[in-house]
Amino acid sequence: MDYTSIFGELTQSVQARIDAASRHGKQIFDRAIYPQYLDWDTPTVGLNFEELIGEYKITVAAATIGDNSKEPELNTEGISTIKQKVLNHAISRPLTVNEYRTILGLLDSKRLSNRQMRQELVNILWGSVEEVVNSVQSKIDMIFLSCLSNGGVFTFDGNTNPEGGVQGLIDFNQPSDNILTASTPWTENNINLVDPFEDLSEMLDKADETVSVSKLLISPAKLSYIMRAPKMRQAVLGSDHSSSPLTLSALNTFMESNDLPVFEKIRRKCRVPNSTGLSVFSPWVNGNIVAVPAGKIGVIKNAYCNNELRPEPGVSYSNYGRIRISEWGVGESQGMNGAEYTKAESLSLPVITAFKGIFTLKTEPGQ
């Protein structure tokens with residue numbers, strides 16, 4: 001193969017490292033949350049979005065970019081666009097001038113052995129791959145966690161997709177009967193009045209009519225609130241020790257001893273570009289607690305990327321699950337200055353199929 005990248009045959013090391021990690025069950029990229037709850041569906045050549053909407057009763061209101069539009073190019077962060085009739089999460093990252101000069105210096109070095117030079121080049125190459133793959137995974141997590149904690153709704157707007165040109169929403173239509181509201185808002189002013197165990201028991205009693213709940217997914221801030229609430233401390237620790245601090249371990253031990261689901265904190269921050277640089281977006285709705293059954297609760301519908309159906313000569317390809325990684329170089333023959341690119345792309349949509357067995361407790365007004 002004629003490699004256009006300055007890394008040459010080393011670009012093939014990407015798939016080898018991914019395969020080796022997979023065989024040994026190792027985590028090599030950012031620890032995304034969606035793989036715990038979703039399986040990748042079998043890829044299709046064509047993913048007809050209208051059929052997908054009908055099959056899963058999804059409500060969609062969103063614009064699309066043009067058929068010939070190219071994914072935006074960013075130095076370090078990922079974005080998502082809607083392309084044709086499927087969601088296209090894509091980012092390409094060029095090497096910086098300093099990185100490029102470092103590589104040229106390594107290639108010209110007389111002091112390094114071939115093995116040392118190869119390892120240094122692989123480290124630089126792998127750093128670019130990690131950035132773009134993590135960006136795509138972050139976007140999938142953003143959609144999945146937002147939908148899961150927001151009654152099935154994800155909104156494309158200036159906060160979640162500022163450079164994608166897409167406005168609108170996707171609604172997986174969680175049954176309204178599965179969404180409960182706390183009898184007293186869980187605010188700081190009400191912390192001495194709120195009875196978290198009573199509110200949670202009401203939700204779990206309702207869920208028990210439909211499904212066996214495995215976990216209560218919750219934000220760190222809301223979990224902290226529960227552990228500080230006097231009535232919850234009294235329920236777990238008893239009246240004699242209700243003034244003692246309540247730990248997550250003690251809380252979950254109490255839940256398990258009463259044949260109740262345990263709490264699991266959802267910690268996920270996604271960085272998105274804005275007009276001044278980067279902002280941090282928390283996909284989990286802070287005030288909502290979500291009860292989920294054991295096992296997977298949905299699938300990620302996906303289609304083959306264009307370069308899987310028609311690979312281009314001179315480009316090195318690899319796959320991390322259904323995330324497609326491309327690496328190539330450009331130069332004077334294309335009428336451009338020399339540059340190296342790494343791209344990650346996924347034509348996919350996380351679909352939560354188990355919403356009939358998922359229950360939400362809204363603890364704050366307006367959420």
**Report entry** Any donor-acceptor N/O pair, D171 side chain to N173 backbone, under 3.5 Å
**Finding:** yes
Report task. For K296, look at atom NZ and say whether over 12 heavy atoms of other residues, nucleotides or ligands are found less than 6.0 Å away. Result -> yes
Requested in this report: Applying ring pair (Phe, Tyr, Trp, His ring centres under 6.0 Å), name anything that partners F254, two or more places apart in sequence or on another chain.
Outcome: F197
**Report entry** Within-4.5 Å side-chain heavy-atom neighbours: T184 and V194
**Finding:** yes
Report summary line: In terms of heavy-atom contacts, S219 and N286 come closest through OG-OD1, 2.7 Å
Report task. Give a yes-or-no answer on whether the side chains of T360 and N288 include a donor-acceptor pair shorter than 3.5 Å. Result -> no
Query - Atom CZ of R267: over 12 foreign heavy atoms under 6.0 Å - result: no
Query - Any donor-acceptor pair under 3.5 Å from S149 side chain to V285 backbone - result: yes
Requested in this report: Please assess K343 against E345 for the test salt bridge (Lys or Arg N to Asp or Glu O under 4.0 Å), listing each intermediate value before the final yes or no.
Outcome: CA-CA 7 Å; K343 173 182 174 181; E345 179 178 17; 3.4 Å; yes
Query raised in the report: Is there side-chain contact between C147 and P350, with heavy atoms separated by less than 4.5 Å?
Result: no
Query - R324 and Y317, any side-chain heavy atoms less than 4.5 Å apart - result: yes
Report task. Of all the heavy-atom pairs spanning P261 and K215, show the shortest one and how long it is. Result -> CB-N, 3.8 Å
Query raised in the report: Would you call L216 and M203 a side-chain contact if the rule is heavy atoms closer than 4.5 Å?
Result: yes
Query raised in the report: With a 3.5 Å cut-off and no angle check, do the side chains of S282 and K269 form a donor-acceptor pair?
Result: yes
Requested in this report: Work out which heavy atom in D177 is nearest to a heavy atom in K206; give both atom names and the distance.
Outcome: O-CE, 2.7 Å
Requested in this report: Establish whether F281 and L148 are linked, either directly or via other cluster members, by ILVMFWY side-chain heavy-atom contacts under 4.5 Å.
Outcome: yes
Query raised in the report: How far apart are the closest heavy atoms of I140 and S348, and which atoms are they?
Result: CD1-OG, 4.1 Å
Report task. State whether the side chain of N178 and the backbone N or O of I358 hold a donor-acceptor pair below 3.5 Å, judged by distance alone. Result -> yes
Requested in this report: Specify the closest pair of heavy atoms between Q137 and A32, including all atoms of both residues, with the distance to one decimal.
Outcome: OE1-CB, 3.9 Å
Query raised in the report: Do D199 and S183 have a side chain donor and acceptor closer than 3.5 Å?
Result: yes
Query raised in the report: Can you check whether I289 reaches T363 side chain to side chain, under 4.5 Å on heavy atoms?
Result: yes
Query raised in the report: Honestly curious: do V315 and Y341 fall in one hydrophobic cluster under the side-chain, below-4.5 Å linking rule?
Result: yes
Query - Flag side-chain contact, heavy atom, 4.5 Å: E308 against N319 - result: yes
**Report entry** Hydrophobic cluster membership, I226 vs L248, 4.5 Å side-chain cutoff
**Finding:** yes
Requested in this report: Using a 4.5 Å cut-off on heavy atoms from C-beta on, say whether the side chain of L180 contacts that of E202.
Outcome: yes
Query - Check: L204 main-chain N/O paired with D208 side-chain donor or acceptor under 3.5 Å - result: no
Query raised in the report: Does the side chain of K301 come within less than 4.5 Å of V299's, by heavy atoms?
Result: yes
Query raised in the report: Hey, what's the ring geometry for W186 with Y225, parallel, tilted or perpendicular (30° and 60° as the breaks)?
Result: parallel
Query raised in the report: Does a side chain donor of either D141 or S138 reach within less than 3.5 Å of an acceptor in the other side chain?
Result: no
Query raised in the report: Hey, does the side chain of N302 reach the backbone of L347 with a donor-acceptor pair shorter than 3.5 angstrom?
Result: no
Query raised in the report: Are M142 and Y320 grouped together when hydrophobic residues (ILVMFWY) are joined by side-chain heavy atoms under 4.5 angstrom apart?
Result: yes
Query - K231 bridged to D195 by N-O distance under 4.0 Å - result: no
